[in-house]
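Remember, it's 1-based here, ligands and their atoms both numbered in the order they're listed.
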Amino acid sequence: VTVFVPRDAAALAVGADKVAAAIVREAAARNLDVTIIRNGSRGMLWLETLVEVRTPQGRMAYGPVKAPDVPSLFDAGFLTGGAHRLAHGLTSEIPFLKGQTRLTFARCGVTDPLSLEDYRHYKGLKGLEAAVAMAPADIVKQVTDSGLRGRGGAGFPTGVKWKTVADAKADQKYIVCNADEGDSGTFADRMIMEGDPFVLIEGMAIAAIAVGATKGYIYTRSEYPHAIAVMQEAIEIARREGILGASVLGSPHAFDMEVRVGAGAYVCGEETSLLNSLEGKRGIVRAKPPLPALEGLFGKPTVVNNVMSLASVPVIMDRGAQFYRDFGVGRSHGTIPIQLAGNLKHGGLYETAFGLTLGELVNDIGGGTITGRPVKAVQVGGPLGAYFPQDLFDTIFDYEAFAAAGGLIGHAGIVVFDDTVDMLAQARFAMEFCAIESCGKCTPCRIGAVRGVETVDRIARGDAAAIPLLESLCNTMKAGSLCALGGFTPYPVMSALTHFPADFDRMKEAAE
Ligand code: NAI
Ligand code: SF4
């Protein structure tokens with residue numbers, strides 16, 4: 001009998017290794033033949049450790065399983081899908097999973113992440129096989145036509161970026177995968193690296209062939225040790241199997257890659273700062289232009305793409321541009337892996353076509369708050385994203401709709417807060433975060449964020465005159481900062497002030 005116990009960091013954090021060991025122990029004691037596969041996570045984090053059993057009907061789910069539950073699972077006959085208080089029936093029928101459109105995460109949680117055989121069995125490498133048979137310019141065209149936009153947050157058309165690099169003349173070009181994933185409440189990059197590393201390798205190899213790059217780097221954070229280990233092992237397997245190296249899948253294209261580990265500065269997720277860090281320099285932002293597409297790593301034309309952008313490419317190459325493009329709304333095509341986090345009953349990864357409303361995501365899919373209290377605010381797009389009140393719950397999840405509502409979808413992380421949150425404290429936190437993480441290159445951010453903390457503190461002491469000052473400071477930071485860190489910090493601050501003015505009215509509170 002095959003039993004799946006995730007090796008994803010979220011599962012490990014709640015004792016997946018102990019669960020796996022308990023299953024081995026219990027099976028041996030009962031003389032039962034059990035094979036354990038350490039799969040990726042299905043993304044239903046409230047059910048971790050989610051143990052699955054392969055049965056003739058399909059995979060049956062049990063969770064959240066703790067090691068002490070294991071004997072009772074055996075007693076209940078879970079190896080044949082027996083009933084148990086932790087049983088959820090067929091995994092594929094769990095509403096949270098059933099409602100999704102999994103294109104990028106199609107294999108995550110399904111396969112053994114380090115089994116190339118599994119990867120091929122579930123349509124892996126089909127995109128790369130198609131790409132090696134195509135002219136590079138046609139690959140770029142297919143990605144452009146798919147409508148794929150940068151999933152790191154900015155939503156810049158991936159195909160246009162690739163074309164810029166492809167058209168640049170140089171003796172060396174690079175593919176850099178931004179896996180720094182610094183946004184609060186986000187974990188999609190980590191999940192795919194731990195749960196389906198070959199899809200990222202495949203996406204990077206396709207990008208390399210498309211633009212004429214021969215070397216790739218995955219830049220990730222030291223806080224992701226499991227992702228680093230899985231990626232490194234997967235790269236070695238890919239090299240052994242002729243996916244990477246002097247001849248990619250027997251083609252005339254050479255491509256190899258390695259993993260580089262940052263030291264955990266938020267700003268190193270900004271692409272130029274990341275490139276400096278990769279070059280062994282301090283992670284300080286570079287002025288643009290020149291764009292990294294023209295002068296990137298070591299001054300050479302470089303594709304810098306987020307993990308999600310690159311991992312979405314194989315399915316586009318396999319199923320075609322139109323297939324991908326048909327998902328979504330407006331100018332936001334395809335699917336987006338949304339990460340539901342914070343005070344939610346059902347937190348996890350939800351991949352869906354663009355177009356759900358924020359309210360559907362929080363209330364229907366996320367199940368509302370775990371505390372049972374009303375939702376007060378939802379921060380979308382990481383620490384630089386705006387706070388949305390319930391009034392804005394009909395905002396459609398797409399790049400333009402969020403921008404029109406004064407926010408951004410960023411890396412698609414959603415962090416939910418109930419009515420106990422103090423939005424003045426959240427505004428202060430945004431400024432404090434910026435002050436700590438600022439690279440120091442430009443004045444509006446380096447000085448502005450520190451003054452921002454002081455100004456919020458003045459408001460907290462009941463100095464209402466400091467409110468227009470905070471607004472003015474935010475405008476300066478927004479207009480004058482060199483990169484998104486200083487430039488976007490005003491989003492959480494101003495949205496807190498605009499949508500939750502009562503929390504800033506400390507004079508009134510003091511009077512009461
Ligand atoms: P940006 O709009 O300056 O650039 C987006 C991308 O397009 C960059 O790679 C840029 O080099 C490229 N680009 C722009 N014009 C181009 C052209 N004409 N030809 C070729 N390439 C071109 O945005 P930026 O500063 O790179 O990213 C900001 C976003 O990052 C924010 O929206 C935020 O949501 C997101 N972010 C994501 C985080 C994460 O953890 N994933 C953390 C922090 C911020
Ligand atoms: Fe550095 Fe902040 Fe300026 Fe960005 S906005 S370049 S992080 S000082």
Assess [X] for proximity to ligand 1: is some non-hydrogen atom of it under 4.0 Å away?
X      : result
Pro292 : yes
Gly382 : no
Thr186 : no
Lys163 : no

Exercise for the section: Report yes if the distance between the aromatic ring centroids of Phe388 and Phe393 is under 6.0 Å, otherwise no. Expected result: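 Centroid separation for Phe388 and Phe393: 6.0 Å or greater.
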Handout entry: Ring centroid separation Phe402 to Phe397 under 6.0 Å
Key =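 Yes; Phe397 has its ring centre under 6.0 Å from that of Phe402.
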Handout entry: Any donor-acceptor pair under 3.5 Å from Lys173 side chain to Ala168 backbone
Key =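 Yes; at least one donor-acceptor contact below 3.5 Å.
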Problem - Side chain to side chain, Thr104 and Val199, heavy atoms closer than 4.5 Å - result: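 Thr104 does not reach Val199 side chain to side chain.
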Handout entry: Min side-chain heavy-atom separation Leu297-Lys215 under 4.5 Å
Key =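 No, their side chains stay 4.5 Å or more apart.
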Handout entry: Contact check: Ala484 vs ligand 1, nitrogen or oxygen atoms, below 3.5 angstrom
Key =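 No, Ala484 has no N/O under 3.5 Å of an N/O on ligand 1.
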Practice task
Decide whether an N or O pair under 3.5 Å exists between Asp183 and ligand 1.
Solution key: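 Between Asp183 and ligand 1, an N or O pair is found under 3.5 Å apart.
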Have a look at [options] and point out the one with the heavy atom closest to [atom].
atom                    : options                : value
atom 35 (C) of ligand 1 : Gly152, Gly150, Cys268 : Gly152
atom 10 (C) of ligand 1 : Glu271, Glu270, Arg221 : Glu271
atom 2 (O) of ligand 1  : Ala154, Gly153, Gly269 : Ala154
atom 6 (C) of ligand 1  : Lys161, Arg149, Arg151 : Lys161

[Y] and [X] side chains, donor-acceptor separation under 3.5 Å:
X      : Y      : answer
Asp183 : Tyr266 : yes
Asp418 : Thr371 : yes
Gln142 : Asp138 : no

Exercise for the section: Provide the closest heavy-atom pair for Gly385 versus Leu408 in the form atom of the first, atom of the second, distance. Expected result: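 Residues Gly385 and Leu408, closest heavy atoms: CA-CG, 4.2 Å.
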Problem - Polar protein atoms (N, O or S) that approach atom 2 (Fe) of ligand 2 to under 2.8 Å - result: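 Near atom 2 (Fe) of ligand 2, below 2.8 Å, one finds Cys445 SG.
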Exercise for the section: Check ligand 1 against Gly182 and write out every atom of the ligand that is under 4.0 Å from a heavy-atom position of the residue. Expected result: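 Once the distances to Gly182 are compared, the set is 40 (O).
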Exercise for the section: For Lys376, look at atom NZ and say whether over 12 heavy atoms of other residues, nucleotides or ligands are found less than 6.0 Å away. Expected result: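 Result for NZ/Lys376: enclosed.
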Handout entry: Evaluation steps, side-chain contact (heavy atoms from CB on, under 4.5 Å), between Met494 and Lys478
Key = CA-CA 11 Å; Met494 287 310 298; Lys478 208 170 164 182; over 6 Å; no
Problem - Per-residue contact class, Leu291 against ligand 1 - non-hydrogen pairs under 4.0 Å - result: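 Within the 4.0 Å criterion, Leu291 contacts ligand 1 through side-chain atoms alone.
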Handout entry: ligand 1 versus Leu485: contacting region, heavy-atom distance under 4.0 Å
Key =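 Within the 4.0 Å criterion, Leu485 makes no contact with ligand 1.
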